[in-house]
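Below, all heavy atoms of this structure are taken into account, side chains as well, without hydrogens, waters or symmetry copies. Chain A is the first sequence line, chain B the second, and so forth, proteins listed ahead of strands; every chain is numbered from 1.
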Number of protein chains: 8
Amino acid sequence: MVPKVMIILGSGSDIDIAKKSIDILEKLEIPYSLKVASAHRTHSLVKALVKEATEAGVEVFIGIAGLAAHLPGIISAYTHRPVIGVPVKGAVGGIDALYASVQVPYPTPVATVGINRGDNAAILAAQFIAIHDPKAAVKISELRNEYATKVIDSNYTVIDEIE
Amino acid sequence: MVPKVMIILGSGSDIDIAKKSIDILEKLEIPYSLKVASAHRTHSLVKALVKEATEAGVEVFIGIAGLAAHLPGIISAYTHRPVIGVPVKGAVGGIDALYASVQVPYPTPVATVGINRGDNAAILAAQFIAIHDPKAAVKISELRNEYATKVIDSNYTVIDEIE
Amino acid sequence: MVPKVMIILGSGSDIDIAKKSIDILEKLEIPYSLKVASAHRTHSLVKALVKEATEAGVEVFIGIAGLAAHLPGIISAYTHRPVIGVPVKGAVGGIDALYASVQVPYPTPVATVGINRGDNAAILAAQFIAIHDPKAAVKISELRNEYATKVIDSNYTVIDEIE
Amino acid sequence: MVPKVMIILGSGSDIDIAKKSIDILEKLEIPYSLKVASAHRTHSLVKALVKEATEAGVEVFIGIAGLAAHLPGIISAYTHRPVIGVPVKGAVGGIDALYASVQVPYPTPVATVGINRGDNAAILAAQFIAIHDPKAAVKISELRNEYATKVIDSNYTVIDEIE
Amino acid sequence: MVPKVMIILGSGSDIDIAKKSIDILEKLEIPYSLKVASAHRTHSLVKALVKEATEAGVEVFIGIAGLAAHLPGIISAYTHRPVIGVPVKGAVGGIDALYASVQVPYPTPVATVGINRGDNAAILAAQFIAIHDPKAAVKISELRNEYATKVIDSNYTVIDEIE
Amino acid sequence: MVPKVMIILGSGSDIDIAKKSIDILEKLEIPYSLKVASAHRTHSLVKALVKEATEAGVEVFIGIAGLAAHLPGIISAYTHRPVIGVPVKGAVGGIDALYASVQVPYPTPVATVGINRGDNAAILAAQFIAIHDPKAAVKISELRNEYATKVIDSNYTVIDEIE
Amino acid sequence: MVPKVMIILGSGSDIDIAKKSIDILEKLEIPYSLKVASAHRTHSLVKALVKEATEAGVEVFIGIAGLAAHLPGIISAYTHRPVIGVPVKGAVGGIDALYASVQVPYPTPVATVGINRGDNAAILAAQFIAIHDPKAAVKISELRNEYATKVIDSNYTVIDEIE
Amino acid sequence: MVPKVMIILGSGSDIDIAKKSIDILEKLEIPYSLKVASAHRTHSLVKALVKEATEAGVEVFIGIAGLAAHLPGIISAYTHRPVIGVPVKGAVGGIDALYASVQVPYPTPVATVGINRGDNAAILAAQFIAIHDPKAAVKISELRNEYATKVIDSNYTVIDEIE
């Protein structure tokens with residue numbers, strides 16, 4: 001089965017951020033694949049992965065990288081599909097990776113989410129897909145409602161505890 | 001005709017950033033509408049606009065705002081459609097608006113683009129739509145190719161000038 | 001009894017910051033209530049809480065939130081009562097939440113205090129109330145004097161220790 | 001007539017920020033006074049002004065200062081009334097003054113508003129006063145509604161212009 | 001015996017930074033005194049300490065403070081003696097305290113040293129005193145030479161270890 | 001004649017920074033070529049230019065780019081020759097481009113120079129070449145001496161003027 | 001006559017900051033000299049100037065520099081006299097020069113003043129000298145009083161203007 | 001045997017960063033030497049080391065330093081050989097050292113690499129040497145290929161683990 005989302009990790013050491021994406025995509029029942037490929041160290045691999053995936057029908061890419069995080073911008077250079085960037089926290093708090101993802105110039109945008117936010121990247125990817133996939137839209141709403149309930153419930157669990 | 005993209009400006013004074021989006025959307029022949037509504041000053045208007053537009057079939061929202069730019073995050077709270085945030089430059093270079101857009105928590109992502117980048121917001125919106133709209137996909141590729149040609153040509157126009 | 005201060009936490013995980021506020025409000029004998037509600041995830045709950053509390057006579061709101069901390073600004077959009085924002089420290093040291101609170105535009109101010117400063121938020125809330133409540137004013141002065149004494153005493157406790 | 005708000009400017013060169021406060025206070029019909037006094041250069045004057053004003057019945061102080069903006073924190077040290085800090089933009093975009101105002105420690109809070117935001121300082125001061133002054137509360141609501149109308153109208157004035 | 005240097009700590013919790021100063025001053029045989037006094041919480045105590053110390057012949061003040069570190073600037077307002085500021089690291093890495101110390105305006109300078117650098121503050125204080133105290137000048141040179149030797153020796157101790 | 005240095009501009013609009021490099025390279029009589037090619041918009045062109053130039057004998061590359069400046073890092077991915085990055089100033093003062101250049105991970109370094117410092121990039125390129133080219137080494141020393149003389153002379157030109 | 005203060009400018013282009021120092025030193029009747037010498041470009045000149053000046057009796061050095069402002073730290077390495085650093089504003093607002101001056105390690109402190117604050121550098125230099133020069137102390141007090149009067153007077157000049 | 005690379009550590013406490021450089025240089029079989037010398041504390045030692053090493057045939061210098069990291073800039077002032085700067089992380093995340101290294105002015109460039117990146121400094125040094133040393137060029141390519149293989153393999157090791 002062709003995945004709808006391809007997650008590319010710039011470095012295997014950031015696997016925990018990818019896991020956050022995977023947890024959400026599995027709850028949303030959106031097929032995905034996960035790869036490790038570096039924009040600097042295995043540039044040809046990134047290109048091959050992105051070109052092939054685009055042709056095979058992957059609809060959204062997620063690039064997860066820290067430091068001078070070129071990965072999402074480079075994915076964007078190789079596909080006309082939307083690319084989501086997840087900056088990873090490092091020595092300067094992730095600001096380096098945030099800038100490297102969000103400040104990519106016209107006409108190669110990267111849809112950047114918060115520092116270390118693999119979870120939001122997955123929701124966002126699902127939202128793109130859900131534009132023409134009503135079942136996905138329903139799943140997203142369910143997940144958001146479930147989380148809202150959790151917030152509301154914390155009025156009992158968290159607050160009651162301190163009273 | 002129902003617009004596919006709704007652009008919401010937090011303040012009429014940021015109209016020039018919206019114009020950058022509009023220029024691209026018109027080239028891509030993607031129908032859009034433009035509104036001014038503030039997350040703080042006309043909160044009900046934002047809610048009404050977003051709820052109605054979502055029901056009417058708007059597929060992507062673009063929120064353009066500076067300072068403590070809550071607008072894109074609040075749009076995201078009212079719709080399951082993807083929301084793009086454009087941070088506007090101000091006293092601290094736009095870093096305040098960048099954080100306010102990109103650091104929105106789970107599960108309400110904002111697909112943030114660069115500071116003042118109305119153009120990239122439009123390309124990104126078109127990419128979302130193009131997932132299931134091959135004609136839009138072709139238009140995006142044409143625009144990107146056209147721009148690539150412009151960069152290549154600047155090897156003659158810009159460089160020749162100084163030689 | 002109607003609380004005079006309503007504390008709203010954006011996330012149950014920031015309960016320790018709220019506890020700092022509560023400790024002070026209890027010392028000052030100012031009635032309060034504590035709620036968890038997210039500007040993005042349970043927007044309607046925020047609106048309902050703030051509207052009802054305002055009508056019921058709550059005099060000051062405290063919004064405690066991290067990341068793209070929209071909570072205090074959104075509370076401010078729903079009430080004419082003063083709203084205090086407490087930015088919570090995260091990946092970038094709390095600067096994101098600080099900007100998101102303090103840079104809210106005209107005419108929806110947020111009275112922002114320091115990063116993680118639940119204690120100062122409580123003192124500030126009490127100061128607003130004390131404008132027309134001489135008993136509260138006395139309590140604040142007592143608390144400040146008590147703290148001043150503690151600082152003066154540390155000339156013995158802290159310094160003597162190292163001599 | 002005793003002013004309800006005292007605005008203290010750290011330097012006469014920041015008079016334009018004070019004017020923003022004054023414009024709003026006059027619209028809200030809240031009596032104010034304006035002084036120039038520096039926390040470093042005329043420390044005794046600050047102390048005298050604040051002590052006398054507090055005794056005379058001033059209810060809120062606004063301290064406007066740039067650089068290492070100690071003024072609002074020092075006002076707060078001399079009064080139990082609430083103090084609003086307005087950081088003024090300078091070489092580093094006003095971040096120095098923002099920190100100097102917002103990071104004042106317990107138990108001497110400064111209710112800090114945005115960089116150069118004399119207007120929000122005035123609204124905030126009015127909100128404190130309005131806790132027990134229903135007429136002021138009405139005035140604030142009118143001003144906020146008037147501004148909301150202006151935002152809504154900019155859908156015609158600003159947007160029509162570009163169509 | 002009248003101390004030549006007075007160290008004032010804004011908070012007893014920063015005692016470790018003061019200890020760094022004391023270690024150096026004792027090596028240099030410069031008499032000092034240490035006090036805890038907060039610019040915001042015990043303002044009158046700061047004033048009294050500084051005024052009396054100046055009259056008694058204290059030649060240099062060191063103010064150690066974090067957050068919105070007003071202490072060194074306020075000491076400077078009460079004396080014509082030179083004042084050294086030591087910013088203390090906190091949530092934002094000490095940048096808040098650094099700005100609050102170094103950006104104090106004309107004509108009330110604070111001689112600011114690095115974040116947490118109690119040691120450099122002591123050397124600097126000694127350098128001021130040594131302008132007219134040849135014995136202190138000799139002691140400083142000895143200390144600097146001793147440290148240079150330590151650096152040179154680390155070519156053996158540190159490097160040999162890894163070879 | 002094969003150029004020893006290839007300068008690649010990410011955007012024709014940054015031509016003034018390239019001119020600074022060219023001025024120095026011409027003084028040092030080091031042959032160079034200048035191209036415009038974007039890491040995102042004309043990725044294949046970057047690859048082709050760098051691969052061909054490396055084979056043809058180009059010894060050093062200079063990549064000049066602003067925003068999320070991926071250009072120097074991408075050049076580095078395509079060649080084993082040293083790559084110099086020049087960050088270009090933009091909305092956030094060039095910090096985005098600085099991080100994007102300097103924080104490129106192992107083992108694909110970018111030798112980063114200061115913001116807008118086309119001149120230093122040229123000197124640095126010449127220093128690499130001069131390791132085995134004594135004539136270039138002499139030229140560099142002459143240029144540095146000439147500049148030192150200019151600094152020394154400004155003791156007369158600049159200072160005399162104000163006396 | 002031997003100057004008591006030596007001002008060294010890293011670059012002739014920052015002469016305006018030096019003029020601020022000179023204006024104050026002349027008011028205080030403190031003899032000074034002004035030199036241009038770069039820590040990187042004319043390193044030997046810096047060394048010679050500082051060594052000779054120290055021996056000749058110069059009591060305080062002021063180093064004025066921007067960018068990676070090594071000048072004050074290097075002066076400090078060559079003398080046991082106190083050294084004042086004045087960071088000059090550039091592309092990143094002067095933060096680079098501020099860090100380069102203030103973060104110099106133990107035991108080579110630089111007494112750093114605010115960005116572009118040649119005036120405060122001069123006052124500070126005078127304060128060091130005044131420790132054992134009662135006449136200079138009187139001059140400083142006069143200057144500070146004069147400035148305080150100017151601040152007080154601006155209550156008439158600045159405020160009256162807007163009323 | 002004359003080393004080709006001289007690594008100078010500003011402080012023995014940063015030995016771990018130097019070890020990263022050494023590991024790479026040993027893999028590349030490039031002879032090196034390691035010294036500890038501080039730009040501020042043992043300035044003459046730095047000068048002597050750099051002058052002698054340059055004359056003896058050292059081809060590249062690496063300066064590793066934190067805080068106001070003057071070391072690489074000062075090495076650059078004493079040699080016409082290329083100098084690589086490695087900023088070391090400290091209280092403000094290494095931004096102070098990054099600026100101090102990268103912002104060194106014309107004509108004394110420092111080829112700056114990422115924060116704590118001793119490894120990239122070594123690769124870069126090897127790249128300079130490899131311009132005229134084909135054996136070194138082969139070694140660098142091997143190392144880069146080896147690392148690329150490691151990244152590719154992590155598709156099995158890292159990803160398989162979570163599936």
Shortest non-hydrogen contact from V36(A) toward S154(H):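 It is CG1-OG, 3.2 Å.
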
Heavy-atom closest pair, residues G93(H) and V92(A): O-CG1, 3.7 Å

How long is the span from the CD1 atom in I95(H) to the CD1 atom in I95(A), to the nearest 0.5 Å? 6.0 Å

How long is the gap from CG on N155(H) to OG1 on T42(A), to the nearest 0.5 Å?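 With rounding to 0.5 Å, CG (N155(H)) is 8.5 Å from OG1 (T42(A)).
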
Taking side chain as everything from C-beta outward and backbone as N, CA, C, O, which of these in A91(A) sits under 4.5 Å from a heavy atom of chain H? Side chain, backbone, both or neither. both

